[in-house]
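In what follows, a single structure is set out as structure tokens and then discussed.
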Amino acid sequence: MKFDSKLLHAGYDPLEDPNLSISPPIHRTTAYQFKNTEHAANLFGLKEFGNIYSRLGNPTVAILENRLAALEGGAAALCLSSGTSAVMYSIINICKQGDNIVTSTQLYGGTYTMFSNILPDFGITAKKIDLTDLDLLESSIDSKTKAIFCETITNPGLVVADLESLSEIAHSKGIPLIVDATFTTPAIQKSFDFGADIVVHSLTKWMSGNGSVIAGAVVEKGGFEWGNGNFFLYDEPDTSYGGMRWGHDLGDLSQIAYTLRMRTVPLRNLGANMAPDTAWQVLQGMETLGLRMERHSQNALATAEYLSENKLVDWVRFPGLKEDSNYKLSEKYLQGTGGTMVVFGIKGGREAGQKFIDNLLMFKHVANVGDSRSLAIHPATTTHSQLDEDALREAGVSPELVRLSIGIEDIDDIKEDLEQALNKSK
Ligand SMILES: *Cc1c(COP(=O)(O)O)cnc(C)c1O
């Protein structure tokens with residue numbers, strides 16, 4: 001099946017449901033009855049797959065997991081309660097105390113804080129560098145580095161990641177490239193095709209689309225050699241799981257060693273599982289992902305073109321504009337779109353930026369992106385207000401920057417709202 005059909009059909013066959021339900025059923029249950037003691041022992045010993053307890057897995061959540069794996073072209077997926085827990089689990093599933101990752105200075109706010117303030121308390125550090133400097137990247141990787149982590153399009157800098165170059169460097173060092181693909185979704189970028197090994201999603205954003213849930217997922221491409229000697233957690237017997245050596249003892253299942261470990265170690269014992277109702281809501285929203293991303297990206301291009309011609313606008317950044325510094329990368333990585341986010345600098349700096357935001361009528365002023373509605377925010381005073389001046393500059397946030405997440409409304413209404421708010425910003 002092609003992508004848009006998979007959105008509706010992958011991972012669920014109504015003929016396998018006892019009630020032949022066309023819409024995926026919601027399994028609101030905590031536990032599952034064992035058929036007998038042998039069945040129970042096989043499930044616990046990973047000899048047989050099946051449901052035990054809904055923290056570890058749930059049939060409704062499994063439909064979403066299988067659909068996500070199909071959409072990304074991966075081998076397995078694991079759903080989590082939020083994009084934030086997905087980022088966290090993607091790291092702690094390979095790093096232990098003393099290990100590090102190399103990542104960008106431009107990161108989603110919550111991820112930035114996790115990497116700067118939370119993980120270091122557990123002995124895991126993140127080296128934040130300019131990931132477009134490939135020599136610096138190469139020299140930043142040491143024997144304790146377990147992954148390169150990046151976002152497909154940074155926020156709000158809108159730098160498009162050069163995944164092929166990043167993955168080449170990662171693989172030459174025997175480590176994976178982990179990609180937060182929230183801003184692209186598989187509808188406009190298949191990160192695995194460009195060398196990514198692990199894809200992380202906040203399903204809260206474009207994937208579900210309605211701005212009605214918090215949800216996340218981690219998808220594994222399959223085939224990375226976790227037993228290559230670089231990963232203590234995959235070489236040494238796991239005392240929390242019967243002495244299992246995740247990189248060596250899985251046989252045919254070694255393809256999905258990372259996902260199996262994530263489910264049976266971090267998810268089982270830390271518990272950021274997704275609720276079945278959430279999985280169902282995400283499945284509902286995702287049915288229209290292809291259509292929505294098409295409209296989002298068309299509207300974003302039209303908005304960027306409109307703003308470029310407005311006299312009250314100082315500058316516009318949108319990777320889909322021919323004159324944009326990231327245009328070449330967007331052509332290669334974003335299927336000819338520029339993504340769905342537009343940032344611009346308003347004439348009159350911080351004060352004009354605030355006036356502009358306060359005068360928007362249809363655009364919603366929220367700390368979110370990827371809703372079907374158009375959204376606007378002034379990062380320097382909100383999402384990125386915790387950063388000092390140097391960190392702000394490194395994160396690509398100037399005081400006059402306004403960030404727009406362009407929705408799927410009629411483009412005439414989008415332009416009209418921007419026009420009237422710009423006129424009142426003077
Ligand atoms: C929103 C977001 C997250 C965090 O996801 P939540 O679902 O809000 O926890 C992580 N990365 C990116 C790029 C995001 O936009």
Side-chain angles (χ1 to χ4, degrees), residues 61 64 68 77-92 101 103-119 126 128 131 147 149-161 163 178-189 191 196 198-219 267 270-275 278-279 281-282 285-286 289 293 296 300 319 333-334 339-343 366-373 375-377 379 382-384 386 395-397 403-407:
V61 178
L64 176 57
L68 288 168
L78 185 80
C79 286
L80 294 159
S81 59
S82 67
T84 302
S85 53
V87 172
M88 166 91 171
Y89 280 30
S90 77
I91 305 298
I92 63 168
I101 58 166
T103 187
S104 170
T105 51
Q106 299 202 13
L107 289 168
Y108 175 75
T111 304
Y112 191 96
T113 307
M114 185 195 304
F115 288 179
S116 308
N117 301 87
I118 314 288
L119 289 182
K128 294 193 234 35
L131 273 189
F149 181 100
C150 73
E151 295 174 359
T152 52
I153 305 177
T154 66
N155 162 31
L158 303 190
V159 176
V160 179
L163 296 190
I178 305 178
V179 170
D180 179 336
T182 302
F183 273 55
T184 40
T185 84
I188 60 173
Q189 183 186 95
S191 308
I198 303 296
V199 164
V200 175
H201 280 291
S202 168
L203 304 172
T204 309
K205 316 290 170 51
W206 293 268
M207 291 290 270
S208 56
N210 300 312
S212 58
V213 286
I214 299 285
V218 180
V219 191
L267 179 60
L270 297 176
N273 62 291
M274 178 185 281
T278 300
Q281 265 184 287
V282 174
M286 254 168 51
L289 177 70
M293 290 307 277
H296 274 296
Y333 288 108
L334 308 180
T340 73
M341 301 287 296
V342 178
V343 300
V366 293
N368 189 19
V369 292
D371 194 307
S372 293
R373 301 155 188 83
L375 315 174
I377 203 161
T382 54
T383 52
H384 289 66
Q386 264 98 320
V397 181
R403 183 186 80 187
L404 303 177
S405 175
I406 303 299

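In each ligand, atom 1 is the first atom listed, and ligand 1 is the first ligand listed.
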query = Any luck finding a side-chain donor-acceptor pair between T182 and S202 under 3.5 Å?
reply = no

note = With sequence neighbours left out, the residues meeting side chain to side chain donor-acceptor pair (under 3.5 Å) with S82 are S85

Return a table of N or O atom pairs, ligand 1 on one side and protein on the other, at distances under 3.5 Å, rounded to 0.1 Å.
from: ligand 1; atom 1: 5 (O); to: S202; atom 2: OG; distance (Å): 3.0
from: ligand 1; atom 1: 7 (O); to: G83; atom 2: N; distance (Å): 2.9
from: ligand 1; atom 1: 7 (O); to: S202; atom 2: OG; distance (Å): 2.8
from: ligand 1; atom 1: 7 (O); to: T204; atom 2: OG1; distance (Å): 2.6
from: ligand 1; atom 1: 9 (O); to: G83; atom 2: N; distance (Å): 3.2
from: ligand 1; atom 1: 9 (O); to: T84; atom 2: N; distance (Å): 2.9
from: ligand 1; atom 1: 9 (O); to: T84; atom 2: OG1; distance (Å): 2.7
from: ligand 1; atom 1: 11 (N); to: D180; atom 2: OD2; distance (Å): 2.7
from: ligand 1; atom 1: 15 (O); to: K205; atom 2: NZ; distance (Å): 2.7

remark   = Of all heavy-atom pairs linking M341 and L158, the shortest is O-CD1, 3.4 Å

query = K128: what forms a side chain to side chain donor-acceptor pair (under 3.5 Å) with it, not counting sequence neighbours?
reply = S116

message = List the residues meeting side chain to side chain donor-acceptor pair (under 3.5 Å) with T111, not counting sequence neighbours, and say none if there are none.
response = none

ask   = If you measure only the distance, is there a donor-acceptor pair under 3.5 Å linking the side chains of S191 and Q189?
value = yes

